[in-house]
Structure formats: C-alpha cells, structure tokens
Engineer: 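Below is the structure I would like to discuss, written out as structure tokens.
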Amino acid sequence: MLVLALDTATPAVTAGVVALADGSVPRTLARRTTVNARAHGELLTPHVREVVAEAGITLAELHAVVVGAGPGPFTGLRVGMVTAATFGHALDRPVYPVGTLDAIAVAVDGAEPLLVATDARRREVYWAAYDAAGNRVTGPHVQRPADLAERLPELAVRRAAGQGAELYADLLGLPVAQPWHPSPDALVAVAAKDLLTGADPAPLTPLYLRRPDAEVPVARKRVTRP
Amino acid sequence: MSERIVLGIESSCDETGVGVVRLYDDGRVELLADEVASSVEQHARFGGVVPEVASRAHLEAMIPTARRALAASGLGLEDVHSVAVTAGPGLAGALLVGLASAKAYAAVLGKPLYGVNHLAGHVAADTVQHGPLPSPCLALLVSGGHTQLLLVEDLATKITEIGSTIDDAAGEAYDKVARVLNLPYPGGPPIDRLAKQGNPEAIAFPRGLTGPRDAKYDFSFSGLKTAVARWVEERERAGEPIPLADVAASFQEAVADVLTAKAVRAATELGVGTLVISGGVAANSRLSGLAGERCAEAGIELRVPRPRLCTDNGAMIAALGAHLVAADVAPSELDIAADPALPVSTVSI
C-alpha cells in the first residue's frame with residue numbers, strides 16, 4: 001500500500017510517499033524535508049505535490065495518510081494536522097495520527113533504553129522514554145531540561161535522540177544519536193499495524209501538552225482615581 | 001463556460017466558515033451553502049478573542065464544517081471549480097489553519113487556489129444578497145477588529161482605503177463599554193437591546209475626530225470608551241444609580257452618528273451613489289437605522305447584507321473568489337503565506 005506521511009511537529013517540514021507491505025519494513029519512495037520552523041504553512045502542500053510526482057504516482061493512488069500528532073509547537077503542529085485531515089477528506093482515505101517522538105524513537109538503531117527529546121521552545125523540551133524493546137515507558141511530557149536531567153537516573157536511559165537532546169546535551173549528559181526529526185518511513189512504521197489491518201484511526205487530536213496562554217480578567221481597570 | 005462552483009474558507013478570527021457559491025456566466029453569484037462554527041463562547045470569560053483558543057477551535061471545526069457545507073450545497077468536492085481562502089488580515093495562527101486546509105483541497109482537486117483579503121470578502125458578502133455592486137461604491141466595514149471606509153472601484157482588483165480607525169475598532173468599543181456596564185461579551189447585542197429602552201440624547205458623549213482639523217474620514221473610539229467609563233465611575237463614586245439604558249443608548253448614538261456621518265460625507269464628496277455597510281457591527285439596529293435616514297436624505301443607495309452575511313463566514317470568501325474567477329485574476333501559488341496585516345488594497349495574493 002502507498003502511504004502519505006506528514007510531520008510538522010518539529011522545525012522540519014516533512015512529507016514523503018512510503019510503500020508498506022506485510023512482512024517488510026516501510027520503504028520511502030520520495031521525501032522532502034525542509035528545516036524551517038517558520039515555513040510549515042508555506043511548504044507542506046508543495047512538498048506533498050513534489051513527493052507524489054517524484055514517486056511517479058497520483059494523489060488518488062494513496063491508500064492512507066499518516067501524520068505526526070506532536071507534541072510540537074502549536075502553530076506548526078496544526079499545519080500538519082489540518083493538512084492531513086483535509087487530504088483524508090478530499091481523497092476519502094483514513095488518516096492515522098502517530099506520536100512524533102515515537103517516530104523518532106523507532107528510527108534509532110540498537111536496543112538500549114532511549115530518551116527522545118525535541119525542542120519545545122521557551123527553554124523546555126518535549127520528551128518521552130523508551131525501553132530496550134522500543135516501548136514507550138513514559139511520556140510525552142513537556143519540561144525544563146534541568147528537571148528532566150534530574151529524572152534521568154530513574155529512567156535509566158543510555159542515550160538520546162531528537163533535536164532537543166542535542167540542544168541540551170550538556171545538561172542531559174547522554175550520547176545523542178540520529179535522527180533529530182521524524183522520517184516518513186518511521187512515521188509509517190509506527191502506524192504499520194493499524195495500516196495493514198485497516199484498523200479504525202484514532203481521532204486526530206494534536207498533543208499540545210500546554211494550555212493556551214490566557215488569563216481571565218479580574219476587576220476592570222478604572223479610568224478615574226478613586 | 002458554464003456555471004462554476006467556488007468553495008470559500010474563512011478562519012481569520014473566531015469563526016470557522018465554509019461557504020459554497022455558484023458563479024454564473026453573467027457574473028451573478030448564488031449562495032449554495034454557508035456553514036459557520038464559532039468559538040465565541042470559549043472566549044467569553046476572557047472578555048475577548050484568545051488567539052490560541054481560536055486556533056485550536058479552527059483545527060477541530062475545519063473538516064466537519066467543510067463536510068456540512070458540501071452536504072448543504074448538495075454538491076461533491078468533484079464539482080468544485082476553485083478554492084478561495086482568507087489569507088489575511090487576521091490572527092496569524094488562526095489564518096494558517098484555513099489556509100493549510102484550502103491548499104490541500106486545491107492540491108487534491110487540481111483546481112485553482114485564491115488566497116484572498118478578508119476585508120474585501122466582507123464587501124463581497126453583499127453581492128450574494130443584493131447582486132453585483134455598482135462601480136464605484138463606498139464600503140463601511142465595522143467589526144470587532146476593523147473600522148474602515150473603502151472606495152471600491154472593482155471588487156476583484158481595485159479597493160482603496162480612504163479612512164480607518166486610529167485606535168479601537170467600533171466593535172472593540174462595544175466590548176469595552178459592555179464591561180463597564182457589566183454586560184456580557186461580545187458587547188454589541190446586549191448594548192443594542194438595552195439602548196432601545198434608553199434616551200440616546202441623555203448624555204452628550206464625545207464624537208471622535210469630528211473637529212474641523214481632524215482627518216475627515218478617519219475614526220477614533222478610544223476616547224469615547226474612556227468618556228463612558230469616566231461618566232459611570234463618577235456616578236458610582238457619588239453613590240448615584242447608573243441609568244444603564246441611557247448610557248447604552250447615548251454611547252450607541254455616538255458610535256452610529258460618527259460612522260454614518262463620515263460615510264455619507266465621503267460618499268457625497270467623492271460622488272459615489274452607493275454605500276455598503278458590512279462587518280459584525282453592521283447588524284446593529286441603530287447603525288443601520290441612522291444610515292438609512294442619512295443615505296435617504298443624501299440620495300445615496302444603502303446596502304446592508306443580512307446579519308448572517310455581515311459577521312465572518314465562508315460564503316463571503318467564496319463570493320469574493322467567484323468575482324476573482326469572473327475577472328480572470330491569476331490564482332495564487334500553493335506556497336503563499338498567511339499575512340496577518342494584509343492591506344485591503346491587496347484583494348488577492
């Protein structure tokens with residue numbers, strides 16, 4: 001089956017066409033990744049058109065869409081989610097959300113407990129921890145790197161991946177492995193079982209992990225002196 | 001060329017709108033569907049639109065609203081000839097949701113995308129109800145975010161701002177005065193209701209920018225809002241009861257007086273025979289009433305779309321898209337960016 005994979009939960013704008021077959025690893029037929037945290041809205045659909053053309057298919061030949069549901073900075077994250085939802089509607093195909101951190105974890109070679117951390121801005125990271133078999137044991141969370149560093153002994157992770165791990169490598173003290181961002185084949189790998197069995201997709205709910213910045217006003221400010 | 005179907009998407013503030021119109025060969029635009037999902041109730045306790053709350057609501061509402069609009073139109077996506085979407089002005093994060101969705105629809109359908117101006121869309125809304133606009137015409141746009149006088153020579157290509165508010169938008173003044181009077185958000189409807197029981201001449205609130213040296217087509221509502229607050233606070237301090245209906249009526253009269261006086265003056269001085277009033281505040285009963293009286297006196301045709309078309313919606317964006325299609329304006333590229341400060345002179349990008 002042919003799957004369109006999208007992710008905008010990191011500074012990378014990622015689109016790819018991935019071939020998935022029972023019993024083999026997902027194979028990327030075409031991919032575009034542009035690292036530009038301010039251009040998700042501009043680049044994502046043009047990237048989709050490019051990868052579809054490069055894969056030598058039409059959009060109508062896609063069987064499903066997989067999208068990284070974050071966690072990620074809000075505005076960029078929404079671009080991927082609404083774009084995936086719209087492709088799903090317009091093509092009448094299922095759309096499967098997957099954890100962006102899970103898609104980074106699945107692409108890391110080797111079998112050791114792993115920390116995945118991406119940049120949450122505001123001097124925080126989005127993070128999750130995985131055991132040696134690749135199962136997520138905790139997360140995703142959003143936290144200051146120093147607070148995450150304090151939890152590392154109990155997490156017993158041996159290495160890290162993701163751009164957040166690289167950014168705060170000094171504080172975390174873990175060797176950092178590639179990748180920094182999720183790849184199309186990794187996004188599809190996370191959803192592979194659901195894709196192949198035709199399972200009903202989960203709701204397209206973005207993982208914001210933070211509340212909107214908004215305060216309920218208290219008393220009205222007076223314009224005259226009491 | 002036969003009839004063409006245009007899908008319109010709006011997400012610049014707190015309404016997710018999807019509209020469908022049919023463009024006929026003679027340029028007539030017929031409304032087929034107009035579905036809106038509003039997040040206004042989520043903003044009420046904050047006393048104003050919270051951008052992140054609005055953006056989250058757009059994401060949730062986008063596809064369901066599009067599905068409802070298509071169902072209401074009785075058409076399928078395969079019938080769509082072009083996709084129009086608000087590219088600005090508006091809240092950056094909110095705009096991005098509708099724009100990203102519109103790009104994906106256009107890509108799947110292989111149809112043109114038109115990234116359009118929200119303010120021009122408010123003017124286009126009137127053509128859905130009252131037919132093509134004469135050229136030139138004058139448009140008074142009044143909402144929670146905008147207060148502008150526009151000279152519209154060609155809806156698809158030539159719109160010039162001749163005046164605008166230098167501080168608060170008219171709708172913003174309503175919201176702020178509503179807080180002073182302990183009325184709910186948004187302030188327009190409750191003030192309008194209360195004003196009907198009050199005396200509009202009870203209190204002489206100031207008319208902003210109406211002096212002989214002031215910019216004759218610009219507006220200012222910040223001083224008016226402060227004057228209302230001061231008047232109320234002085235009564236409170238003196239322990240006197242506040243005549244809420246009179247305050248509401250007198251405030252509303254000041255707003256309607258300035259808006260209509262300046263619009264009619266501009267139309268007269270520029271020799272324009274038609275005035276369109278649109279935007280959320282156009283639904284205000286005193287504004288449309290006073291505009292009707294003054295336009296009749298001055299021999300100006302007044303056009304006010306029904307309230308549903310005045311507030312933000314996708315039908316107005318579809319209608320503007322239809323006018324761009326009819327005028328053979330080049331469509332937008334799929335890599336266009338949302339522009340939160342898009343000037344009204346840029347009808348499409």
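Naming convention: chains lettered A, B, ... in sequence-line order (proteins, then strands); numbering from 1 in each chain.
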Engineer: What's the spacing between B:Y105 OH and A:L91 CG if we round to 0.5 Å?
Structural biologist: 10.5 Å
Engineer: With rounding to the nearest 0.5 Å, note down the distance linking CD1 in B:I63 to CZ in A:F87.
Structural biologist: 11.0 Å
Engineer: At their closest point, which heavy atom of A:V82 faces which heavy atom of B:A100, and how far apart are they?
Structural biologist: CG1-CB, 3.6 Å
Engineer: With a 4.5 Å limit on heavy-atom distance, are the side chains of A:T83 and B:S101 in contact?
Structural biologist: no
Engineer: Step through the shown structure and confirm whether more than 12 heavy atoms of other residues, nucleotides or ligands are within 6.0 Å of CD on B:E240.
Structural biologist: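 Yes, the 6.0 Å shell around CD holds more than 12 heavy atoms from other groups.
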Engineer: Would you mind checking which part of B:V50 comes under 4.5 Å of any heavy atom in chain A, side chain (CB onward), backbone (N, CA, C, O), both or neither?
Structural biologist: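 Side chain only.
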Engineer: If I measure from the heavy atoms of chain A, does B:V180 come under 4.5 Å with its side chain, its backbone, both, or neither?
Structural biologist: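 Contact with chain A is through both the backbone and side chain of B:V180.
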Engineer: Can you say whether A:T45 sits under 4.5 Å from chain B via the side chain, the backbone, both, or neither, judging by heavy atoms?
Structural biologist: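 Interface part for A:T45: side chain.
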Engineer: Could you have a look at B:V97, B:V53, B:L109, B:V232 and say which one has the most heavy-atom pairs with chain A under 4.5 angstrom?
Structural biologist: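 That would be B:V97.
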Engineer: Counting heavy-atom pairs closer than 4.5 Å to chain A, which one of B:E236, B:K176, B:E333, B:K103 comes out on top?
Structural biologist: B:K103
Engineer: Give, as side chain, backbone, both or neither, the part of A:P206 having an atom under 4.5 angstrom from any heavy atom of chain B.
Structural biologist: side chain
Engineer: Let's test your reading of the structure: which of B:G93, B:A94, B:A338, B:A107 forms the most heavy-atom pairs below 4.5 Å with chain A?
Structural biologist: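 When all of B:G93, B:A94, B:A338, B:A107 are compared, B:A107 has the most.
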Engineer: Are B:R56 and A:R78 packed together at the side-chain level, in the sense that at least one heavy-atom pair is separated by less than 4.5 angstrom?
Structural biologist: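 Side-chain contact under 4.5 Å: yes.
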Engineer: Which pair of non-hydrogen atoms, one from B:L96 and one from A:G41, has the smallest distance, and what is that distance?
Structural biologist: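 Minimum heavy-atom contact is CD1-CA, 4.1 Å.
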Engineer: Under 4.5 Å from any heavy atom of chain B, what part of A:L44 do you find: side chain, backbone, both or neither?
Structural biologist: neither
Engineer: Counting distance only, does the side-chain N/O of B:E233 pair as donor-acceptor with the main-chain N or O of A:R222 below 3.5 Å?
Structural biologist: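 No, the answer is negative, given that no donor and acceptor are paired below the 3.5 Å cut-off.
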Engineer: With chain B as the partner, which of A:E42, A:R49, A:M81, A:R211 has the greatest number of non-hydrogen pairs under 4.5 Å?
Structural biologist: A:E42
Engineer: Any heavy-atom pair between the side chains of B:L77 and A:H89 that's under 4.5 Å?
Structural biologist: yes
Engineer: Roughly how far, to the nearest 0.5 Å, is NE2 of A:H47 from CG of B:L334?
Structural biologist: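 Going from CG on B:L334 over to NE2 on A:H47, the span is 13.0 Å.
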Engineer: In terms of heavy-atom contacts, does CG of A:D22 have more than 12 from other residues, nucleotides or ligands at under 6.0 Å?
Structural biologist: no
Engineer: Tell me, yes or no, whether the heavy-atom count around A:R144 atom CZ, taken from other residues, nucleotides or ligands under 6.0 Å, exceeds 12.
Structural biologist: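 For A:R144, atom CZ is not crowded (no more than 12 foreign heavy atoms under 6.0 Å).
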Engineer: Can you tell which part of B:L70 gets under 4.5 Å to a heavy atom of chain A, answering side chain, backbone, both or neither?
Structural biologist: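 Contact with chain A: side chain only.
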Engineer: Of the non-hydrogen atoms in B:T226 and A:V223, which two are nearest, and what is the gap between them?
Structural biologist: O-CG2, 3.9 Å
Engineer: May I ask you to name which of B:E52, B:R45, B:E60, B:E234 has the most heavy-atom pairs under 4.5 Å with chain A?
Structural biologist: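 Sorted descending by pairs with chain A, the first entry is B:E52.
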Engineer: Taking B:P51, B:G76, B:S55 one by one, which has the highest count of heavy-atom pairs under 4.5 Å against chain A?
Structural biologist: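 Ranked by contacts with chain A, first place is B:S55.
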Engineer: Out of B:R67, B:E78, B:M62, return the one with the most heavy atom pairs under 4.5 angstrom to chain A.
Structural biologist: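 Among the listed options, the one with the most contacts to chain A is B:R67.
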Engineer: Are more than 12 heavy atoms, taken from residues, nucleotides or ligands other than B:R235, located less than 6.0 Å from that residue's CZ atom?
Structural biologist: yes
